Number of protein chains: 2
Amino acid sequence: MTTLKDIAKHANVSVATVSKYLSFDLAVKKETEARIQAAIKELGYVPNVVAKALKRKETFNVAVIVPKINNLYYSEITSGISQTLGKHQYNLFIYEVDQLHLDEDEILQLMRENMIAGIIFIGLFSDESFKESIRTVVGWEIPVVYANRYMPFDGFPLLYPDLVQASKLGTAYLASKGNSRIALVHKRLPDRLLDLFVEGYRQGIEEDREPLLVAIEEGVDYSQSIIPALVEHRIDGVFVLNELSAVYLAKAMAQANIRIPDDMAVLSLGNSLISQISTPELTCVDLQNRELGVRSAEIILSQIRKQPFEAVTVLEPFLVERSSV
Amino acid sequence: MTTLKDIAKHANVSVATVSKYLSFDLAVKKETEARIQAAIKELGYVPNVVAKALKRKETFNVAVIVPKINNLYYSEITSGISQTLGKHQYNLFIYEVDQLHLDEDEILQLMRENMIAGIIFIGLFSDESFKESIRTVVGWEIPVVYANRYMPFDGFPLLYPDLVQASKLGTAYLASKGNSRIALVHKRLPDRLLDLFVEGYRQGIEEDREPLLVAIEEGVDYSQSIIPALVEHRIDGVFVLNELSAVYLAKAMAQANIRIPDDMAVLSLGNSLISQISTPELTCVDLQNRELGVRSAEIILSQIRKQPFEAVTVLEPFLVERSSV
DNA sequence: TTGTATGCGTTATCAC
DNA sequence: GTGATAACGCATACAA
């Protein structure tokens with residue numbers, strides 16, 4: 001392993017000169033530059049980022065804490081993060097909380113021990129996961145962003161899709177296709193979030209009417225509980241607030257001989273591969289997950305570099321037409 | 001930031017004592033132990049892994065180099081790796097070559113600069129991606145494994161599924177369900193791999209007969225080119241060597257009013273969520289991707305710890321019955 | 001324009 | 001059992 005010292009000796013200059021030259025801190029004479037460059041090439045110098053980090057008290061590593069890696073929803077976000085960090089020469093640590101047997105506190109401990117430059121938390125829709133952890137980390141003055149989870153600003157940068165707009169877009173589209181009795185189907189969701197969707201629904205149908213809300217309990221049989229509820233209320237269009245559930249619901253409809261979209265239209269929230277693969281292919285609202293990742297990374301980088309950044313970033317969803325509405 | 005030095009001062013012992021005590025190198029007196037523990041608690045000591053790495057010339061970071069993060073096939077492997085590394089207190093760096101604008105050499109350079117403890121390359125089926133990079137890294141004496149890609153042993157540990165067995169399992173299952181004219185449908189694949197699948201096919205049908213091989217070119221319309229070929233040869237069962245292609249093929253069949261499995265059975269290679277979601281749900285051969293990840297991580301750890309490890313690990317696939325065969 | 005010296009927080013080698 | 005002290009590879013304040 002050749003070090004700065006070796007280069008310095010070989011080039012007949014001091015370590016400081018080489019160090020400064022390499023970090024563009026110092027204009028050296030053409031001649032010294034040549035000698036340094038020659039030494040670097042001859043000896044095959046590889047800078048030691050670890051030593052640099054120790055000295056500078058700062059690494060080039062950013063951590064992403066994510067509920068699940070093997071899930072297209074999250075991995076789209078992660079991929080956006082990876083792309084952006086890579087572009088700026090930052091490395092990406094991934095911690096999958098689901099699989100890791102460590103609890104959150106242990107993970108956070110790891111962050112400090114490793115002098116992580118910043119942490120991106122990717123939250124669940126369904127609860128305020130990580131919120132306490134984020135508070136802790138903020139207390140340590142480590143740059144943080146909280147992505148994917150809607151909540152009022154609480155001192156750390158937030159990024160999430162505009163859920164009201166998403167709901168409005170979806171509902172309006174269903175309505176525009178002649179569906180007048182639209183249900184919102186969702187997995188367990190806190191009231192605060194559900195209210196957002198209901199608000200968007202109202203804006204979408206341009207009337208002051210409440211949608212039928214159907215909750216999917218864990219492990220239910222769609223044909224036993226969801227479908228009958230929809231039929232009973234003579235629903236002609238469903239907006240499913242979870243992509244996978246939309247797929248399963250569409251399957252259950254097919255089994256029950258309900259034609260999509262003629263008997264009932266199905267629109268899903270989220271646009272990963274699975275909406276495309278489903279039969280029929282699902283019309284959906286795209287939440288811009290990749291962009292969410294990209295922006296999260298940008299905000300973390302701004303913080304690390306002590307540049308200004310947005311406290312709250314709201315992503316604008318858009319509609320993707322396929323054949324289920 | 002409190003350091004060993006602070007602890008030492010506060011506990012009235014030397015840095016060396018604290019260091020050794022904390023790394024279980026030294027049996028200290030009950031009394032000194034108490035004082036050290038008290039100091040650690042009072043001052044809130046957090047060990048500095050970066051300093052440790054510099055001193056020990058070795059980090060606890062393992063890198064995974066993967067073609068694509070947001071792909072269930074790869075992310076299942078990655079998740080297995082993450083789980084296993086986490087269990088052993090190693091951190092996981094992820095580099096997505098597709099998205100990163102860096103080329104492979106730059107990524108490798110990063111590995112050295114960061115004193116990565118080991119690298120797991122996840123290869124493509126379709127070509128010997130990364131092979132040259134791996135050679136380079138081996139030259140640097142960094143522990144390496146090559147996962148997912150079949151090839152003869154070449155000096156570094158290999159892990160891959162038993163493709164012959166996978167093909168045999170699938171073919172035999174198709175045959176057992178009364179399908180006698182079975183085609184192998186695949187995306188571009190090197191001959192060496194294709195031979196493996198053909199070999200498995202032979203073992204599966206227990207006859208010395210060649211299967212019909214249908215190649216899917218990039219961007220083709222399944223109903224225009226693949227389906228007619230299958231119909232023309234009066235195929236009654238297809239084994240699709242790529243999960244996503246299987247889904248698209250099933251879709252195309254439905255459009256062409258070919259009933260699955262009655263007119264034609266479809267079996268896919270790979271068992272991610274998408275086989276389950278497809279209509280009909282696809283019977284498939286599971287390649288054990290998560291287990292592949294787990295074992296890859298174990299082998300990297302063995303290398304890092306200079307323990308013995310398997311040079312070649314072959315994963316045994318198994319059949320998952322659903323309704324497309 | 002270049003060099004000297006010090007320290008980042010830890011481990012490891014001695015010595016006591 | 002415990003303590004000085006010298007590295008690890010680099011950056012930087014201060015000299016020259």
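Computed over heavy atoms, backbone and side chain alike; hydrogens, waters and symmetry mates excluded. Note that the structure is predicted; figures quoted are calculated from it, not measured. Every chain is numbered from 1, with letters handed out A, B, ... down the list of sequences.
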*asked:* When you measure from the side-chain N and O atoms of B:Ser14 to the phosphate of D:dG3, is any distance below 4.0 Å, counting only OP1 and OP2?
replied: yes
*Between D:dT12 (P) and A:Lys57 (NZ): distance, integer Å*: 12 Å
*Please state how far atom CG in A:Leu4 lies from atom P in D:dG9, giving the value in whole angstrom units.*
10 Å
*Classify the nucleic acid contact of A:Lys55 as base, sugar-phosphate or nothing, counting any heavy atom under 4.0 Å across all strands shown.*
base
*Side-chain contact, heavy-atom cut-off 4.5 Å: A:Val64 with A:Leu92?*
yes
*Within the structure shown, what part of the strands sits under 4.0 Å from A:Ser23 by heavy-atom distance: base, sugar-phosphate, or nothing?*
nothing
_Categorize B:Ala27 for me: base, sugar-phosphate, or nothing, with a 4.0 angstrom heavy-atom threshold over every strand shown._
sugar-phosphate
*So, B:Thr59 side chain and B:Met115 main chain: donor-acceptor pair closer than 3.5 Å or not?*
yes
*Any idea which of D:dT2, D:dT5, D:dA11 is nearest the B:Ala16 side chain?*
D:dT5
*May I have the distance from A:Lys9 (atom NZ) to D:dC10 (atom C1'), rounded to whole angstrom?*
16 Å
_Using C1' atoms of five pairs at each end, report the bend of the helix from C:dT1-D:dA16 to C:dC16-D:dG1 rounded to 10 degrees._
40°
*asked:* Does any part of the side chain of A:Tyr150, heavy atoms only, come nearer than 4.5 Å to the side chain of A:Pro190, both counted from C-beta?
replied: no
*Looking for any heavy atom pair under 4.0 Å, which part of the strands does B:Val13 touch: base, sugar-phosphate only, or nothing?*
sugar-phosphate
*With a non-hydrogen cut-off below 4.0 angstrom, is B:Ser19 in contact with a base, only sugar-phosphate, or nothing?*
base
*To the nearest 0.5 Å, what is the distance between CD1 (A:Ile81) and OG (A:Ser296)?*
5.0 Å
_A:Phe24 CZ to D:dA11 P, straight-line distance once rounded to whole Å_ = 12 Å
*For the pair made of CG in A:Leu22 and C1' in D:dC10, what is the distance, rounded to whole Å?*
11 Å
*asked:* Looking only at the side chains, is there a donor atom on one of B:Tyr146 and B:Asp154 sitting less than 3.5 Å from an acceptor on the other?
replied: no
*Using a cut-off of 4.0 Å on non-hydrogen atoms, how would the nucleic acid contact of B:Tyr21 be classed: base, sugar-phosphate, or nothing?*
nothing
*side chain to side chain donor-acceptor pair (under 3.5 Å) with A:Ser14: which residues, sequence neighbours excluded?*
A:Thr17
*asked:* Does B:Phe24 have more than 12 heavy atoms from other residues, nucleotides or ligands lying within 6.0 Å of its CZ?
replied: no
_Which residue in the set A:Phe93, A:Tyr95, A:Tyr90 passes ring-ring contact (aromatic ring centres under 6.0 Å, His included) when paired with B:Phe93?_
A:Phe93
*Contact boundaries on DNA chain C for chain A, cut-off under 4.0 Å to non-hydrogen atoms*: C:dT1 to C:dG9
*Could you pick out which residue, A:Ala51 or B:Val15, lies toward the 5' side of DNA chain D when each is mapped onto its nearest nucleotide?*
B:Val15
*Given atom CZ of B:Arg112 and atom P of D:dG9, what is their separation to the nearest angstrom?*
14 Å
*How far does CD of B:Glu310 sit from CG of B:Leu159, to the nearest 0.5 angstrom?*
9.5 Å
_If you assign each of A:Lys20 and A:Val49 to its closest nucleotide in DNA chain D, which residue comes earlier from the 5' end?_
A:Val49
*So what does B:Leu54 hit on the nucleic acid, given a heavy-atom distance under 4.0 Å: a base, only sugar-phosphate, or nothing?*
base
*If the plane angle is over 60° it's perpendicular, under 30° parallel, otherwise tilted; pick one for B:Phe130 and B:Phe121.*
tilted
*Would you mind reading off the distance between A:Asn48 atom CG and D:dA7 atom P, rounded to a whole angstrom?*
18 Å
*B:Asn12 near the nucleic acid: base, sugar-phosphate alone, or nothing, with a heavy-atom cut-off under 4.0 Å?*
sugar-phosphate
